Each structure stands twice: as structure tokens, then as C-alpha cells.
Amino acid sequence: MSEQIRIVVAGSERQVGAGTTAADLFADDPTVIAARVGGTLVDLARVLADGDDVEPVAIDSRDGRDILRHSTAHVMAQAVQELYPEAKLGIGPPVENGFYYDFDVAEPFTPDDLKSIEKKMQQIVKERQSFVRRPVSDDDARAELASEPYKLELIGLKGGGAEAAAEGASAEVGAGELTIYDNVRPDGELAWKDLCRGPHLPTTRNIPAFKLMRVAAAYWRGSEKNPQLQRIYGTAWESREALKDYLDRLAEAERRDHRKLGRELDLFSFPDELGSGLPVFHPKGGVLKREMEDYVRRRHLEEGFQYVGTPHITKQGLFETSGHLPYYAEGMFPPMELEGSSYYLKAMNCPMHNLIYRSRGRSYRELPLRLFEFGSVYRYEKSGVVHGLTRVRGMTQDDSHSYVTQEQAADEIRHLLNFVLGLLKDFGLDDYYLELSTRDPESDKFIGTDEQWEVATRTLEEVGKASGLELVPDPGGAAYYGPKISVQTRDAIGRSWQMSTIQLDFNQPARFELEYQAADGSRQQPVMIHSAKFGSIERFIGVLTEHYAGAFPPWLAPVQAVGIPIADEHVPYLERLAAKLREHGIRVEVDDSDDRMQKKIRNAQKQKIPFMLIAGDDDVAKDAVSFRYRDGSQKNGVPVDDAVAEIVDAVKRRIQV
RNA sequence: GCCCGAAUAGCUCAGCUGGUCAGAGCAACCGCCUUGUAAGCGGUAGGUCGUCGGUUCGAAUCCGACUUCGGGCUCCA
């Protein structure tokens with residue numbers, strides 16, 4: 001009888017023979033592809049030690065998918081090096097929904113190359129190559145990987161610095177000893193190897209479904225100063241069905257693309273003549289924009305904000321005072337020279353609001369003083385980042401600045417956060433988490449003292465935590481003048497968008513020498529809190545369009561109802577109904593075109609109009625109308641007064657239908 | 001800004017390797033027709049093929065630059 005060890009398997013204690021591997025424990029469950037021993041993910045081949053606490057890791061769990069994707073990335077790298085032996089390896093970590101691997105190759109990959117790489121990968125998967133872990137010393141690793149310059153660089157970075165050095169790098173080199181994974185064919189021949197922390201799937205055969213998605217360039221270790229590598233993105237899933245679901249989700253996202261819907265629904269466009277990132281809103285998009293602005297303006301007033309207005313350009317000095325020019329100049333359009341001065345397009349509204357604050361003496365009795373406007377700002381976004389309405393060069397922020405005493409800051413942040421969340425809910429967005437963006441102590445792009453940052457960050461953190469929402473750290477993500485909390489909103493298909501931001505700022509009040517007179521007669525410096533509720537009107541419209549897939553709730557819908565006659569003779573009847581609806585402010589049209597009724601329904605459906613009001617002889621006889629809704633359902637013979645009431649009610653309550 | 005890809009009628013797209021290749025559907029316009037929940041029929045008009053150069057006897061097609069868009073990197077509301 002061999003020696004026995006005691007281990008804990010999935011919570012219950014067991015006695016097994018020495019030399020037992022994790023694979024032995026879970027041999028009857030093919031979905032288990034790795035294990036967690038004492039909290040650390042390990043290969044199934046790991047030999048267990050006495051006292052180990054072992055949990056199975058299923059391929060469809062979060063960790064399991066990461067391992068699957070990481071292993072698939074290895075298979076891809078192997079395929080690439082078999083097809084392009086001169087390709088040098090970068091890093092290849094799992095990412096959200098997939099993986100990538102970076103390669104240094106002389107010629108960029110083409111879509112055809114992807115096909116051949118994918119084919120080669122399928123061969124490797126079929127071959128059932130084992131992933132075999134092999135610890136190596138640093139020196140041995142250097143010797144083995146002498147022809148892989150990027151890997152050598154990673155070996156040098158091993159330890160705590162690896163992840164900081166390059167996102168994903170810790171997937172290659174962990175904090176402990178280095179390991180190399182050998183891909184071994186069933187006959188024992190070494191097929192390929194890569195420096196890797198692991199763990200991996202037992203064999204390539206454990207990859208049920210994968211697909212290469214696209215190729216792109218990426219800077220080595222994420223810095224513009226470094227050479228660009230060719231990055232191939234792929235995805236891998238625990239089953240063919242899961243892969244198909246994922247591809248379907250991508251297709252759904254494409255159907256919802258606001259750039260496409262904006263064109264189809266005649267909401268907005270991006271004329272080349274204007275330049276990149278400068279959208280125009282068409283009448284229907286204008287309705288959407290105006291409804292939003294009207295509502296948001298009203299809500300600001302209700303929450304104690306005062307509406308102000310400021311110009312789009314200013315002399316250079318203002319942005320020097322604010323600190324924008326020294327710290328933010330590359331994000332601004334270059335200046336216009338006139339009358340001996342340099343004028344800049346406004347990139348942020350805060351300096352102007354500061355001038356309003358400073359226009360006369362302020363009393364502590366006035367605080368919190370809340371200034372708000374739809375401020376148009378222009379930012380010189382780099383040409384490669386402009387994207388539809390979500391990343392533009394000219395935008396309107398629903399921007400406010402609250403000036404408060406030090407003591408009032410936390411309450412005001414709480415107030416702003418509640419206000420913002422309420423607004424988002426009103427627009428049908430009710431799934432979100434918070435992100436706390438702090439400064440990077442290593443960087444010199446942040447101004448102010450350590451203590452100021454410390455206090456500001458702590459204040460935001462406390463309010464964020466107290467909100468009960470998930471609070472995710474975002475180190476280094478702060479604005480140069482202060483830390484911020486942002487609300488990340490998840491849309492109808494689960495994507496998250498950064499919308500609202502609340503930023504605490506101790507710096508600008510000092511730079512502008514803002515002050516108020518306190519109760520004791522002393523002069524004190526206020527704290528300033530920046531807040532954009534939707535971030536920008538443009539981005540918000542883009543996000544809303546995708547969230548609703550263009551089928552806006554009635555209160556926002558550019559056309560809320562359309563009258564569709566069965567025959568021409570029913571047009572006057574519908575016109576009378578439309579007039580009644582217009583008395584209640586409903587945006588209604590009657591389709592009196594030459595099209596047949598069926599075609600009119602199709603058109604209205606494609607325009608995603610919430611209420612189709614159909615009338616023929618039957619309806620006219622009963623002083624009624626028949627509803628067709630966007631989902632294709634219908635409600636016939638509704639008395640006209642009831643019909644009007646239903647539509648008016650839906651708009652008033654801002655519900656979705 | 002960097003890398004790769006793309007740009008043909010208002011929209012979606014054909015047009016392979018340079019020589020009747022300037023086309024289709026939808027939309028628009030004009031007629032005719034139209035009584036029950038996603039496309040009635042016929043006709044008309046519309047593009048110097050993103051722009052500017054180049055190669056060529058000849059360029060939508062090949063080359064270069066620029067503009068704009070897409071996917072990434074970096075950055076960001």
C-alpha cells in the first residue's frame with residue numbers, strides 16, 4: 001500500500017494516494033479543465049501535496065474560459081510560427097470574450113493569412129497536443145528563448161513590475177519562478193514551446209470552439225514610443241453553441257450601431273465637409289436632443305442649479321490660469337491669432353464658470369452655489385480615435401460646477417450622485433457601477449499636493465462606497481486637477497459606457513483665487529465639484545440609440561404616432577384624430593401617401609414609430625381607431641378618447657411601450 | 001498620432017486579373033392602382049466611380065499623396 005495524503009476536495013476531506021493529480025480527482029467530469037489549489041489556479045496535471053485544498057475549475061466558468069482562451073492563444077502563436085517561422089512572439093493573454101497574441105513580423109497579416117492560421121490551428125487542436133509545464137531558471141529560459149527578444153525582455157521584468165510594464169504580461173511571467181509550456185504531440189515529440197505562467201488546458205483537444213476575429217496593430221508594452229506589433233484577436237468558447245451566441249451578440253450590436261441607425265432613422269450625420277468628429281443633428285435627431293435637453297435643464301433647476309451661459313472661445317490667459325494649457329494643450333485646437341492675442345476654442349467649461357463665481361464677492365450663505373449650462377466644447381481628438389457620436393471633436397456637455405465649503409463637499413457629491421442616477425433611470429438606464437479614477441503617483445501630469453489628492457480621493461471613495469453600488473478602482477485615470485467618480489452604465493445588451501462624471505477639484509479654486517466670506521468673517525477657499533450628467537449630449541444620444549436599438553420610448557420618439565388609413569377616404573378622419581393628439585403636444589403624422597396600407601405599416605415599422613393608428617370603415621363607424629404597436633401586436637376598435645389618453649399617458653409617464 | 005483595411009447614385013451593394021463597366025434593388029419624382037396590420041404595377045431622373053497627381057494608346061480598376069470612414073493601439077466625455 002502506497003503512502004496516503006489527506007486533501008480537501010471541493011470542501012470535503014479525502015484521503016488519496018501520494019502522487020495523485022488534480023486530473024485524477026475530476027476524471028469523471030470532462031468539463032473540468034483546471035484546478036484551484038489553495039486559491040491558485042493550476043494545471044490538472046499538478047501532483048497534489050498533503051493538506052492541499054483543491055477545487056475544480058470548469059471550462060465554462062470565468063477562470064475556465066480565461067484558461068481556454070489563453071491556451072487557444074498559444075495554439076494560435078504556434079500556428080503563426082509554423083507558417084511564419086521568422087515571427088517573434090509578444091504577449092498573448094486572455095481578454096474579455098477572447099484573447100490576442102502579438103507578433104513581430106515583417107509583413108502585416110491579411111485576412112487571408114488569418115484563414116490559413118485558423119486552418120493550421122484546427123490541425124493542432126485535432127492533434128491533441130499536451131500542454132506540459134516545465135519550471136526553468138531565469139538563465140535557462142534566456143538560453144531557450146534566445147531568439148525571442150520580446151520574451152527576453154519580459155524575463156527581465158519578471159516579478160511585481162510585469163503587469164505594470166505591459167497589460168497582460170503577467171500571463172507570461174508570474175511573480176514566482178519562470179515556467180515554459182511545451183506543446184507535446186501524442187508520440188512525445190515537442191511541437192512548440194512558449195514562456196508562460198499557465199495554467200493551461202490538458203491538451204489542445206480541449207478547445208471546443210474558436211474563431212480568429214481580426215488583426216490590428218498594437219504598440220509593444222502599450223507605449224507609442226515602442227515598435228508596433230501585429231495583434232491577432234480571437235475568441236474561444238466552451239461549446240459551439242456558446243461561440244455562436246457570442247457571434248450573435250456581435251451581430252446584434254452591429255444592428256444597434258448608432259451610426260447605422262442614425263442614418264436609417266434620419267437622426268444625425270457626419271458630413272465630410274465639416275471635418276472629422278463634427279456631427280449635425282437632423283430634424284428627427286433634433287427632437288431627441290431637444291426633449292433631452294429640456295428635461296435635463298428642468299431637472300437641474302429643480303435640483304438647485306442655476307443656468308448660465310458662456311462663449312465658445314477665449315483668450316489664452318484663461319486656460320493658463322486654469323492649468324489647461326500647460327497640462328491639456330495637446331487636447332485643444334491650436335489658437336487663432338487676432339488683435340495681438342491668441343484665442344482658443346473652449347475645451348472645458350470650468351474656467352468660465354469660475355469667472356462667474358468670481359464676478360463678485362461670495363458669502364458662505366450662497367454655498368453650495370451650483371452653476372450649470374449646456375456648454376459646447378471642442379477638443380482636438382487624435383484622428384484615429386474619433387468614432388460616431390461616442391467620440392467627437394465638438395460636443396455639448398451638460399456641465400455643472402458646484403462651489404461648496406470643505407465640509408459640504410461630501411454631501412454635495414452624494415447629492416450629485418443621486419441626481420445623476422435618477423436622471424439615468426428616467427432615460428431607461430438602470431444598470432450601472434461606479435469607477436473611482438485616481439492619480440498615478442508616478443506621472444507628472446497631475447497638479448496639486450499629495451494631501452489635497454489624498455483628501456479628495458478619500459471623500460469620493462467614501463461617498464461611492466456609501467452608495468451601495470459596485471466601486472471599481474481606476475488608478476491613473478483622474479483628470480490632471482482632481483480625482484473623479486464616473487458612472488459606468490450598462491446598456492440593453494450588457495455593454496458598459498462611461499457617462500456621468502463627478503470630479504473633485506482643489507486646484508482650480510486656488511489658481512483662480514476663488515474665495516467666500518465665512519461666518520466668522522474670514523476669507524475661505526471653496527471646493528469645486530465638476531459634474532457632467534450624461535458626459536456629453538452627443539455621446540448620450542449615441543448610447544441611447546444603441547440601448548433602445550432606435551425604438552425610443554414614446555416621450556423621446558421623434559414621431560410618436562402615425563395615422564395609417566385603410567383607404568384614402570379615411571385620411572380626413574385620421575387628420576381629425578391627429579389634431580386632437582397635437583392639442584396634447586403629441587408628435588403625430590398621417591401617412592396620406594400613395595402607398596398601400598401594408599406598405600405604410602412597413603414604413604412606420606422601419607421608422608420604429610411607437611404607435612400606429614389605423615382607421616378604416618369599421619373604426620370610423622364606431623368613432624374608434626386600431627392600434628398596431630412596434631412588436632406587431634394590435635388592439636382594434638379603441639374609442640378615440642381612449643386612444644388619445646393611452647398615448648398621452650405613455651408620453652407623460654415616460655414609459656417604454 | 002501610429003498600423004491595417006475601405007471609399008462606385010440619397011441608402012445597400014455588383015463591376016474578377018486596365019479596353020461597350022458605369023449597373024441592380026430600395027429611396028426620390030411622375031402616372032395608374034389601392035378597404036384591414038411589414039414591400040401593388042409601370043415609367044422618369046440621378047454617379048466626371050472620395051480629391052489631386054502619376055503610369056498607360058487607354059484607369060472605377062495599377063502607383064503616390066491627401067480627405068473621410070471602419071477595426072485596433074495610444075488617448076478619452
Side-chain angles (χ1 to χ4, degrees), chain A residues 100 102 107-111 113 167 213-233 257 259-260 263-264 266 269-278 328 330-331 347-348 375 377 379-393 395-399 437 477 479 484 486-487 497-501 503 530-540 542-543 564-570 593-607 612-620 626-630 632-637:
Chain A
Y100 65 81
D102 290 342
E107 291 292 316
F109 295 113
T110 66
D113 294 337
E167 194 183 345
M213 303 301 287
R214 63 177 66 92
V215 59
Y219 297 107
W220 168 240
R221 292 174 58 193
S223 168
E224 287 177 272
K225 296 181 190 78
N226 289 334
Q228 280 198 327
L229 307 181
Q230 288 294 307
R231 173 172 297 180
I232 302 179
Y233 281 92
D257 191 314
R259 295 163 299 186
K260 183 177 142 79
R263 195 165 45 234
E264 288 172 1
D266 199 13
S269 61
F270 305 87
D272 288 357
E273 292 83 344
L274 288 180
S276 183
L278 298 168
Y328 193 75
E330 64 181 34
M348 292 192 183
V377 298
R379 298 182 181 175
Y380 178 63
E381 298 291 349
K382 290 194 262 180
S383 61
V385 306
V386 171
H387 179 94
L389 286 178
T390 56
R391 196 73 184 275
V392 294
R393 284 177 169 170
M395 62 173 146
T396 303
Q397 294 182 307
D398 53 342
D399 204 3
S437 300
K484 71 179 176 193
S486 58
V487 181
W497 304 86
Q498 177 175 330
M499 318 276 321
S500 328
T501 62
Q503 295 177 286
H530 309 244
S531 174
K533 284 81 212 171
F534 292 149
S536 84
I537 301 295
E538 288 78 6
R539 173 179 288 182
F540 190 65
V543 171
I564 297 177
I566 298 291
D568 279 350
E569 64 198 72
H570 306 115
S593 70
D594 281 346
D595 289 325
R596 282 173 142 79
M597 185 259 302
Q598 288 85 344
K599 181 62 177 292
K600 292 177 180 180
I601 287 171
R602 176 180 158 86
N603 287 341
Q605 194 84 43
K606 280 174 51 174
Q607 286 299 304
M612 281 166 255
L613 303 171
I614 298 168
D617 285 344
D618 297 351
D619 302 285
V620 173
S626 294
F627 278 80
R628 177 188 165 100
Y629 302 93
R630 287 183 291 212
S633 65
Q634 42 181 300
K635 187 157 75 179
N636 297 328

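Only this structure's heavy atoms are used, side chains among them; waters, hydrogens and symmetry mates stay out. Proteins come first, then strands; the chains are lettered A, B, ... in the order of their sequence lines, and each starts at number 1. From a predicted model like this one, the values you see are computed outputs, not experimental measurements.
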*Rounded to the nearest 0.5 Å, what's the gap from CZ on A/R379 to CZ on A/R393? Could you check?*
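It comes to 13.5 Å.
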
Which protein N or O atoms sit under 3.5 Å from an N or O of nucleotides 26-34 of chain B?
| from | atom 1 | to | atom 2 | distance (Å) |
| --- | --- | --- | --- | --- |
| B/A27 | OP1 | A/K599 | NZ | 2.6 |
| B/C33 | O2 | A/R596 | NH1 | 3.1 |
| B/U34 | O4 | A/D568 | OD2 | 2.6 |

*Can you check side chain to side chain contact (heavy atoms under 4.5 Å, CB included) on A/V215 and A/Y233, steps first, answer last?*
CA-CA 6 Å; A/V215 59; A/Y233 281 92; over 6 Å; no

Please work out if [X] contacts a base, only the sugar-phosphate, or nothing of the nucleic acid, heavy-atom cut-off 4.0 Å.
{"X": "A/E569", "answer": "base"}
{"X": "A/R539", "answer": "base"}
{"X": "A/V392", "answer": "base"}
{"X": "A/M499", "answer": "sugar-phosphate"}
{"X": "A/Q498", "answer": "sugar-phosphate"}
{"X": "A/E538", "answer": "nothing"}
{"X": "A/K225", "answer": "nothing"}
{"X": "A/Y380", "answer": "sugar-phosphate"}

_Quick check on RNA chain B: between A/Q598 and A/Y233, whose nearest nucleotide comes earlier from the 5' end?_
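Its nucleotide being nearer the 5' end, the pick is A/Q598.
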
*Which comes earlier along RNA chain B counting from the 5' end, the contact point of A/Q397 or that of A/D618, where each point is its nearest nucleotide?*
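Nearest-nucleotide comparison on RNA chain B picks A/D618.
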
*Using both distances under 3.5 Å as the test, list the Watson-Crick or G-U wobble partner of B/C26, or none.*
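B/G10 is the nucleotide pairing with B/C26.
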
Interatomic distance at [atom1], [N] relative to [M], whole Å:
{"N": "B/C4", "M": "B/C13", "atom1": "C1'", "result": "23 Å"}
{"N": "B/A60", "M": "B/G71", "atom1": "P", "result": "30 Å"}
{"N": "B/G23", "M": "B/U67", "atom1": "C1'", "result": "27 Å"}
{"N": "B/G5", "M": "B/G64", "atom1": "P", "result": "11 Å"}

*asked:* Please determine whether side chain to side chain contact (heavy atoms under 4.5 Å, CB included) holds for the pair A/T390 and A/W497, giving the CA-CA distance in whole Å, both sets of side-chain angles, and the decisive distance to 0.1 Å.
replied: CA-CA 9 Å; A/T390 56; A/W497 304 86; 3.6 Å; yes

Could you tell me whether the phosphate oxygens of [N], OP1 or OP2, come under 4.0 Å of any side-chain nitrogen or oxygen in [X]?
{"X": "A/R263", "N": "B/C11", "result": "no"}
{"X": "A/R259", "N": "B/G71", "result": "yes"}
{"X": "A/H387", "N": "B/G71", "result": "yes"}
{"X": "A/K533", "N": "B/A77", "result": "no"}

When you compare the side chain of [Y] with that of [X], does any pair of heavy atoms fall below 4.5 Å?
{"X": "A/E381", "Y": "A/V392", "answer": "no"}
{"X": "A/H570", "Y": "A/D617", "answer": "yes"}
{"X": "A/Y100", "Y": "A/M213", "answer": "no"}
{"X": "A/R539", "Y": "A/F534", "answer": "no"}
{"X": "A/H530", "Y": "A/T501", "answer": "no"}

Which nucleotide in the list [options] gets nearest to the side chain of [X]?
{"X": "A/A218", "options": "B/C73, B/U35, B/A38", "value": "B/C73"}
{"X": "A/A217", "options": "B/A77, B/U35, B/C3", "value": "B/C3"}
{"X": "A/S626", "options": "B/A77, B/G71, B/G36", "value": "B/G36"}
{"X": "A/Q605", "options": "B/U35, B/A38, B/G72", "value": "B/A38"}
{"X": "A/I614", "options": "B/A77, B/U37, B/C73", "value": "B/U37"}

*Looking only at side chains, do A/R628 and A/Q605 share a donor and an acceptor under 3.5 Å apart?*
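The criterion, which ignores hydrogens and geometry beyond distance, is satisfied for A/Q605 and A/R628.
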
*Which pair of heavy atoms, one from A/A347 and one from A/Y328, lies closest together, and at what distance?*
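Smallest heavy-atom distance, with atoms named: CB-CE2, 3.9 Å.
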
*Which heavy-atom pair separates A/M597 from A/I566 by the least distance, and what is that distance?*
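So the two residues come closest at CE-CD1, 4.0 Å.
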
Ignoring hydrogens and geometry beyond distance, is the side chain of [X] in donor-acceptor contact with the base of [N] at under 3.5 Å?
{"X": "A/Q503", "N": "B/A77", "value": "no"}
{"X": "A/E381", "N": "B/C76", "value": "no"}
{"X": "A/Y219", "N": "B/G1", "value": "yes"}
{"X": "A/R391", "N": "B/C75", "value": "yes"}

*asked:* Can you list, in residue-number order, the parts of residues 269-277 of chain A that come under 4.0 Å of RNA chain B, counting heavy atoms only?
replied: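 Going residue by residue through residues 269-277 of chain A, the ones with a heavy atom under 4.0 Å of RNA chain B turn out to be A/D272, A/S276, A/G277.
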
